[in-house]
Number of protein chains: 2
Amino acid sequence: MSDKRHQLVMTALELFYQKGVHAVGINEVLAASGVAKKTLYHHFDSKEALVLAALRYRDDSFLHWLTRRLQTAPAGSERIGALFDALDDWFNSRVDELLPFNGCFFINVSGEFGEVDHPLHQQCSQHKRNVAALIHAEVQALGITPSRVAPLTDALCLLKEGAISMAHVQGDLTAAVKAKHAAKQLITAHG
Amino acid sequence: MSDKRHQLVMTALELFYQKGVHAVGINEVLAASGVAKKTLYHHFDSKEALVLAALRYRDDSFLHWLTRRLQTAPAGSERIGALFDALDDWFNSRVDELLPFNGCFFINVSGEFGEVDHPLHQQCSQHKRNVAALIHAEVQALGITPSRVAPLTDALCLLKEGAISMAHVQGDLTAAVKAKHAAKQLITAHG
DNA sequence: AAACAGGTAGACCGATCTGTCTACATGCAG
DNA sequence: CTGCATGTAGACAGATCGGTCTACCTGTTT
């Protein structure tokens with residue numbers, strides 16, 4: 001992997017995440033990254049390919065970050081708490097590697113590329129499934145009745161997504177705390 | 001209110017909602033609505049003003065629709081159920097007046113105009129507060145301990161937002177049903 | 001020495017963008 | 001009758017878009 005390629009992906013992610021994909025032109029990415037246009041089109045076929053690479057990079061770094069954060073707490077219900085604590089840090093821009101909070105990149109991109117069969121939209125969908133799989137594993141580790149694992153996982157994912165949306169659209173930076181409280185009640189009800 | 005103006009707002013909403021604001025040019029709106037460009041700029045100062053009008057129109061029609069839907073159920077916990085039943089109809093595009101489902105217009109626009117102080121973003125924020133107020137009133141009508149009204153309202157809003165996001169990004173058209181189940185448990189836990 | 005991968009700067013292309021403008025038509029109020 | 005609001009069609013301006021291209025530079029490998 002070339003150095004310049006990585007530089008392009010990082011810069012593209014920053015700009016697309018902060019301003020939106022359609023609002024940022026290829027020339028802006030080039031100026032910000034200090035890379036020549038020819039080099040960009042040497043590594044990527046099109047702007048869309050660059051966006052896709054940025055989505056994949058974000059998918060990777062987000063999952064790694066979240067995995068690390070969950071491991072800070074002992075397995076069990078405390079891990080679910082750690083999930084929402086992590087979200088709280090993200091919303092309040094206390095996580096450098098996730099960039100200043102501007103909602104969920106994948107939700108934002110899905111809004112710009114609404115068609116279900118669009119490659120960018122599908123990549124966003126894949127990311128959400130990846131995160132859901134992480135949460136699913138933690139719910140299983142709770143040791144609750146197997147038939148209740150799926151519904152609880154769904155509920156936690158709904159709370160997580162809702163918190164992201166509320167934090168971004170309404171600017172409610174306490175959304176993760178609220179979601180954590182609701183999650184606690186659901187887990188208690190399941191126990 | 002002029003006839004042409006209303007026609008413009010309706011067409012603009014349809015196109016911006018389905019394809020995104022930046023992806024739709026003013027000329028496309030004009031061609032689809034059969035209105036002259038001069039007329040558009042007679043009624044609106046800019047494209048942004050047209051988007052704002054579309055947001056306001058959507059805010060209005062969504063709130064009216066939801067209010068009507070909630071009233072179909074007797075006041076109390078059944079109204080909360082009716083909320084998620086309504087969402088389920090929306091997600092599955094069974095509500096003509098809300099147009100074919102493509103996520104939440106306000107979440108989508110917030111993604112395209114991320115800056116918190118942007119007029120379009122603020123309009124999106126306002127819409128969410130309006131819906132939250134509706135839900136807050138229904139939660140109060142449950143007659144639960146007053147100190148628990150706000151947390152439960154927050155939780156229901158989180159589930160609602162999460163369901164919209166999951167339905168759109170992941171294409172999970174059963175998201176409203178899942179949210180309804182989680183909501184039921186929360187209400188039971190509160191009672 | 002030759003060939004090649006990867007890089008630079010930036011001119012250039014055709015398309016599209018928002019917004020302005022001219023020129024003209026219609027219907028209603030003073 | 002006059003004036004104004006409202007409408008039409010569409011040319012036009014100036015900027016920006018994604019993407020291609022020429023011309024040149026710098027290492028490394030063969």
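Lettering follows sequence order; numbering is per chain, from 1. The figures that follow rest on heavy atoms only: side chains count, while hydrogens, waters and symmetry mates do not. The model shown is predicted, which means the values in this text are computed figures rather than measured ones.
- With hydrogens and angles disregarded, a donor-acceptor distance shorter than 3.5 Å links the side chain of B:His121 to the backbone of A:His168.
- Interatomic distance, CG of A:Asp172 versus NZ of B:Lys128, reported as 13.5 Å (0.5 Å rounding).
- Under the 3.5 Å distance criterion, the side-chain polar atoms of B:Thr39 are left unmatched by any main-chain donor or acceptor of B:Val35.
- The separation between A:Asn27 atom CG and D:dG18 atom P is 7 Å, rounded to whole Å.
- Of the charged side-chain nitrogens involved, at least one lies within less than 4.0 Å of a carboxylate oxygen, so that B:Asp89 and B:Arg69 count as a salt-bridged pair.
- Between the side chain of A:Ser165 and the backbone N or O of A:Glu161 there is no donor-acceptor pair closer than 3.5 Å.
- At a cut-off of 3.5 Å, with distance as the only test, no side-chain donor of B:Arg68 or B:Gln71 sits close to an acceptor on the other residue.
- With 3.5 Å as the limit, one finds no donor-acceptor pair spanning the side chains of B:Asn108 and B:Glu112.
- Listed by residue number, the members of residues 6-16 of chain B with any heavy atom below 4.0 angstrom from DNA chain C form an empty set.
- Looking at B:Lys19 and B:Asn102, their side chains never bring a donor and an acceptor atom within 3.5 Å of each other.
- Without hydrogens or angle criteria, B:Arg58 side chain to B:Leu98 main chain gives a donor-acceptor distance under 3.5 Å.
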Where protein sits on nucleotides 24-29 of chain D, one letter per nucleotide: B base, S sugar-phosphate only, - none, heavy atoms under 4.0 Å: ------

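- B:Leu30 places its CG atom 11 Å from the C1' atom of D:dG10, with the value rounded to the nearest Å.
- Near DNA chain D, meaning a heavy atom under 4.0 Å away, the residues from residues 36-58 of chain A are A:Lys37, A:Lys38, A:Tyr41, A:Ser46, A:Lys47.
- Where B:Glu28 and A:Gly34 meet DNA chain C, the nucleotide closest to each residue was compared, and A:Gly34 sits on the side nearer the 5' end.
- The CG atom of A:Leu158 sits 4.0 Å away from the CE atom of B:Met166 when rounded to the nearest 0.5 Å.
- Counting any heavy atom pair closer than 4.0 Å across all strands shown, A:Val24 reaches sugar-phosphate atoms only and no base atom.
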